[in-house]
Amino acid sequence: VATLSLPGSLVSCAGPASTLVPHGPAAERIATLAWILFAVGACVYVLVVGCLLYAVVRRRPGAEPDPGAERADGWGRLGVILGGVVLPVLVVPVLFLLSVRTQGQLAGEARPSLVVEVTAQQYWWSLRYRSADGEPVTTANELHVPVGRTVEIRLFSIDVIHSFWVPGLQGKLDAIPGKTNVTWIRAEREGTFPGQCAEYCGMQHALMRLQVVAQPGDEFVRWLAAQARPAAAPPDERARQGADVFLVHCARCHAIRGTPAFFGLGGPDLTHVASRRTLAAGTLPNVRSNLAGWIADPQALKPGNGMPRIPLGAGEFHAVLEYVGSLR
Amino acid sequence: MSAAPDPGPARRRAFEAIWHDPTGFLGTLRTIQNVPIARRYMVAAFAFFLGAGIQALLLRVQLFRPDNDFVGARTYNQLFTMHGTTMMFLFVIPFLEALAAFVLPLMLGTRDLPFPRMTALSFWTYVFGGLFLYASFLVGAVPDGGWFAYLPLTGPRYSPGLGIDFWDIGLSVAELAAMGAAAELIVGVLRMRAPGMSLARLPLFAWAMLVTGVMIIFAFTPLIVATAMLELDRKHLTRFFDPGAGGQPLLWQHLFWVFGHPEVYIMFVPAVGIVSQIVQTFARRPLVGHTLMVLALVATGFVSFGLWIHHMFTTGLQPLALAFFTAATMMIAVPNGVQVFGWLTTIAAGRPRWAPPLLFVAGFIAIFVAGGLTGVMLASVPFNWQAHDSHFVVGHFHYVLIGGVIFPMFAALYYWLPKITGRRLHDRLGRWNFWLMFVFFNVTFFPMHLAGLAGMPRRVYTYGESMGWAGYNAISTIGAFGFGAAVLLLVVNVVWSLKAGPPAGRDPWGGDTLEWSEASPPAEAQYAELPVVRSRHPGWQQTSLAAEDPDLARALAPLHVGPTEWRGGLVVSALEGRPLAIVHLPGPTLVPFVVSVGFVGLLSAALIDSPVLALVGGLVTTGGVVGWFWPRASEGRAIAELGETHSGRLPLAIAGPSANGWWATCVLLLVLGTALVTLVASYFYLGGAPVGGARPALSAPLVAAALLLSVSGAMAWTASTIGGGRVGRRRLALAGAAGLLVAFLALTLFAYRATGSPPHESAYGSIVLGLLGFQWLVAGLLLVMLGLAQLWAWLSPADPRGHAVLANASLVSHFTLGSWLVVAATLYLTPRLG
């Protein structure tokens with residue numbers, strides 16, 4: 001089994017989504033707390049199992065006494081008090097105070113310079129920014145943030161309960177219908193940090209992923225400006241036909257800003273879908289062959305997701321593929 | 001060993017005949033004694049355990065490698081739902097209750113549990129509930145909402161099929177079975193013990209089951225209320241959880257975890273009892289700090305009800321509340337610490353013999369302490385934000401539940417199976433069984449902690465190769481198969497034992513508790529001579545179990561290899577274990593089976609909305625209940641034999657506080673009170689009455705309260721006439737109380753219709769109906785009891801069985817009044833919260 005070949009990386013819990021390899025201050029504070037908890041826990045564990053081993057191997061000279069003989073518990077009762085009462089009463093308040101301190105630090109950190117409204121739904125994330133001139137900018141599943149800036153995440157759900165979790169950056173927080181929850185993230189370095197829904201939300205809970213893309217401030221500004229622009233005009237005749245097909249078959253759910261198909265709300269905003277790295281909330285890399293497969297039969301790739309199989313003629317299919325693929 | 005004169009073979013034969021269980025197919029359905037029922041119960045629960053284990057293996061195969069397509073999303077979600085539901089509701093609790101049903105009467109030195117028909121009813125209801133849930137596989141509508149069934153996902157909109165209905169309805173049945181068993185445990189431990197067994201001499205296993213019984217009452221009731229709300233929402237009758245109608249999805253989480261967290265301790269507390277008995281027996285000395293251990297058990301029970309929020313740390317609650325629950329959760333380390341160190345010091349101070357039961361106990365300590373420590377970590381709010389709903393939690397709670405419950409359960413099986421079957425198990429095979437389970441358990445579940453820390457969430461049927469979780473999952477899957485094989489070694493061992501195991505004898509381990517003084521397996525007529533207890537460890541410290549005090553021997557004489565015309569047992573005072581009365585125990589009857597068949601009809605009717613099936617089920621259930629309360633000839637014989645009270649002789653316990661039925665009524669009122677508290681709390685959680693609506697007039701509820709006050713007063717007076725004459729006035733008072741009660745029902749129904757908040761339109765309307773519906777249910781129960789008491793008052797006014805109904809109805813009438821005061825105050829007097 002090839003996957004067993006790297007025990008070192010296994011023990012360190014490494015990996016792109018590790019809670020112990022933090023990429024921002026929130027996850028870092030929690031990771032520090034976690035290491036303290038592990039250390040204290042390990043000490044207590046060694047102590048208790050040491051007592052167990054001592055109880056097993058202890059020498060017991062002399063004849064076996066009558067089990068019913070009256071005898072004092074003596075040092076035994078002292079052991080129960082020391083191990084069972086004194087030990088937890090000493091250790092637990094320390095852990096409690098450390099925990100509350102970290103909780104306070106995480107709450108005090110929230111001074112956002114940017115707000116993103118994240119609306120969770122089966123099984124993808126709608127992300128809404130504000131452009132430089134205050135207009136809403138909607139995208140999906142790829143959360144771009146500027147490095148070193150605190151970003152407030154406002155969480156909504158329009159159907160069932162989901163949970164927003166990017167382990168490398170922050171602990172999770174639920175998105176609950178009828179309730180707005182607020183958290184924050186800050187990435188201290190450039191990179192792409194995977195996250196995903198952490199509350200079981202139905203059949204494709206496993207494929208409700210998202211990515212946080214942390215980029216330098218100026219790059220982020222350019223990205224946001226590009227996302228705020230209306231969709232590019234179809235580059236060729238076939239794409240133009242695709243736009244018409246899109247309007248007939250896809251626009252009820254998917255919006256493309258700056259075109260007649262601007263109104264759909266049920267599915268992800270596709271204005272700049274070709275600029276995104278993945279399809280179907282992190283299910284597939286966004287390359288032309290996957291896009292074709294997805295449009296042809298979304299239920300085969302992610303059974304139970306909200307997008308039905310749309311019966312398209314071969315010409316319609318290629319036209320709409322061309323068009324959607326051009327939406328950079 | 002008895003000092004009393006031998007009663008002669010004729011009496012002995014008659015005594016054994018009266019306790020003899022019927023045979024044949026019909027006889028099997030009529031059997032209600034604890035020993036045969038407990039055996040079946042254990043086998044059924046173990047079958048569900050193996051089924052849930054196979055589901056777990058399928059889950060592990062699916063996760064064996066990244067992007068696997070072994071079972072796919074839908075099946076995976078169904079499998080983890082059924083795995084969790086089966087383990088929690090159809091295996092652990094039923095198995096522990098079955099074990100207690102077998103062990104407790106033997107350990108307490110009594111002939112049966114207090115309500116043998118309830119034992120049988122619990123068993124059949126449980127089996128049918130479990131089969132009902134598994135019938136979902138046959139129709140292809142397997143529940144897939146998780147064992148926790150969070151709303152709105154499991155509501156009518158997002159889970160339209162029958163799957164969640166199978167889950168919800170099947171679960172309600174299993175819950176009812178657990179509640180029935182809990183009533184048995186509480187009344188059994190408090191009332192049905194050997195003479196002389198004071199609470200100070202009560203073995204820890206009995207203490208544990210007493211605490212468990214009380215916890216089940218307080219924890220399962222909110223769950224029953226919640227599952228009823230869910231089903232009503234799913235039938236579009238109410239909107240408790242619909243955020244579009246003022247409902248609260250989080251209300252479900254609160255109600256579920258108010259049950260769900262104590263549930264963990266409901267499973268763990270019996271394990272504490274089991275482990276304490278085994279440590280004592282195999283360390284060959286009394287437990288160090290016995291009193292501390294009892295206190296720790298009770299404290300665990302209490303504290304476990306204050307921890308539920310730690311399942312909801314990520315729902316965005318107030319930071320201060322979160323910190324409070326961190327502290328409460330961490331403090332449970334104290335009672336658990338006392339228990340662990342109590343066992344450790346006992347083993348250290350004793351002369352341990354490392355037979356399989358003690359090996360499993362040692363493994364339990366090594367695993368459970370690790371699970372407890374990760375539990376303390378999870379109580380830390382910031383750490384929980386990362387670890388919650390990740391595989392870290394999956395690892396954690398399998399350490400707690402397999403380490404803390406399954407290992408003690410296996411220890412218990414190795415300990416008590418010789419008593420159950422009469423044959424020893426294979427010692428060497430038992431050691432292999434332990435070591436393989438211990439090793440493969442850790443291989444399976446330790447890597448899950450690491451996978452969770454590496455960011456792997458729970459309940460995902462697939463994951464990408466790039467996430468770096470493949471290694472952990474591959475190891476876990478391999479370990480799971482090893483663990484499964486190790487578990488099967490127990491089955492092999494049991495089969496070997498049944499075929500070739502040497503006879504166990506009465507006392508294979510040199511135990512200190514009473515069950516080791518009886519034959520293995522116990523005779524149908526167990527404890528023909530009642531044991532008398534003069535020590536906490538009668539097996540070690542008493543040379544004889546016979547009554548030494550001549551007065552006591554005289555008092556117990558009717559129970560000495562007797563009675564022979566009916567099944568009789570002893571009731572003792574709760575604190576000192578002083579003999580109080582003789583109790584009549586019912587003989588074989590088909591009634592529990594019939595009632596549970598009726599239940600299944602009713603539930604299937606609720607599943608498929610079939611009025612015909614509902615009618616049939618209702619008729620069968622009603623027929624069964626009538627049969628239940630129909631006067632029994634054997635009870636008549638008991639009354640004829642012992643009904644007249646003589647000084648110096650134990651009375652027959654039929655009516656009032658000496659009767660087990662009266663205590664069962666108290667337990668029922670405890671259940672109803674808990675349900676009422678749950679509903680009132682839900683009312684406030686949903687925000688109370690909407691602002692702006694017209695406040696209804698107070699006249700109707702006040703008149704209604706006056707009506708119930710009169711009912712309660714009339715019943716108090718009627719109950720006080722028991723034993724005297726005045727039969728005519730008693731009939732009149734009963735009829736008057738019934739009339740007032742009907743007036744109450746009519747008035748409140750009328751007032752409700754005037755409020756104009758239909759339950760299917762808003763959460764407020766739903767909870768108003770919930771509170772009033774509860775009140776009507778209680779009043780309806782009282783009405784039935786009044787009818788029954790009236791029947792007795794006309795047909796046989798001097799019969800103590802009629803008095804029993806009267807005394808119990810009187811209790812219920814007081815509760816009805818109190819409950820209405822709470823309901824009315826909630827609905828009419830509380831401030832508008834909006």
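Not measured: the values here are computed from a predicted model. Here is how names work: the chains are called A, B, and so on, in the same order as the sequence lines, proteins then strands, and each is numbered from 1.
- No donor-acceptor pair closer than 3.5 Å links the side chain of A:Gln103 to the backbone N or O of B:Pro382.
- Residue contact with chain A, scored on non-hydrogen atoms closer than 4.5 Å, involves the side chain of B:Pro249 exclusively.
- Interface remark: A:Glu199 contributes backbone and side-chain atoms alike to the contact with chain B (heavy atom separation under 4.5 Å).
- At a 4.5 Å heavy-atom cutoff, the contact between A:Ile81 and chain B is made by side-chain atoms alone.
- Contacts of B:His537 with chain A are absent, with no heavy-atom separation under 4.5 Å from either backbone or side chain.
- The ring-ring contact (aromatic ring centres under 6.0 Å, His included) test with A:Tyr200 is passed by exactly one of B:Tyr461, B:Tyr158, B:Phe80, B:Trp147: B:Phe80.
- At a 4.5 Å heavy-atom cutoff, the contact between B:Val381 and chain A is made by backbone and side-chain atoms alike.
- Using a 4.5 Å cut-off between heavy atoms, A:Leu33 contacts chain B through its side chain alone, with no backbone atom that close.
- In this structure, chain B has heavy atoms under 4.5 Å from both the backbone and the side chain of A:Arg60.
- For B:Ser466, the part sitting under 4.5 Å from any heavy atom of chain A is the backbone (N, CA, C, O) and nothing else.
- If you measure heavy-atom distances from B:Leu344 to chain A, the contacts under 4.5 Å come from both the backbone and the side chain.
- Taking 4.5 Å as the limit, some side-chain heavy atom of A:Val44 sits within range of a side-chain heavy atom of B:Leu373.
- For a residue to count as touching a neighbouring chain, one of its non-hydrogen atoms must lie under 4.5 Å from one of that chain's; by this rule A:Pro194 touches chain B with the side chain only.
- Only the side chain of A:Gln196 comes within contact range of chain B, with heavy atoms under 4.5 Å apart.
- Taking 4.5 Å as the limit, every side-chain heavy atom of B:Phe383 sits out of range of all side-chain heavy atoms of A:Thr102.
- A donor atom on one side chain and an acceptor atom on the other are not found under 3.5 Å apart for A:Gln170 and B:Trp385.
- In this structure, the side chains of B:Asp144 and A:Met203 stay at 4.5 Å or more apart for every pair of heavy atoms.
- Between the side chains of A:Asp174 and B:Thr314, a donor-acceptor pair is found at a separation under 3.5 Å.
- The side-chain heavy atoms of B:Arg351 and A:Pro65, taken from C-beta on, include a pair separated by under 4.5 Å.
- Looking at A:Leu173, both its backbone and its side chain come within 4.5 Å of chain B, counting heavy atoms on both sides.
- Heavy atoms closer than 4.5 Å to chain B are found in both the backbone and the side chain of A:Asp159.
- The closest donor-acceptor contact from the side chain of A:Lys179 to the backbone of B:Gly316 lies under 3.5 Å.
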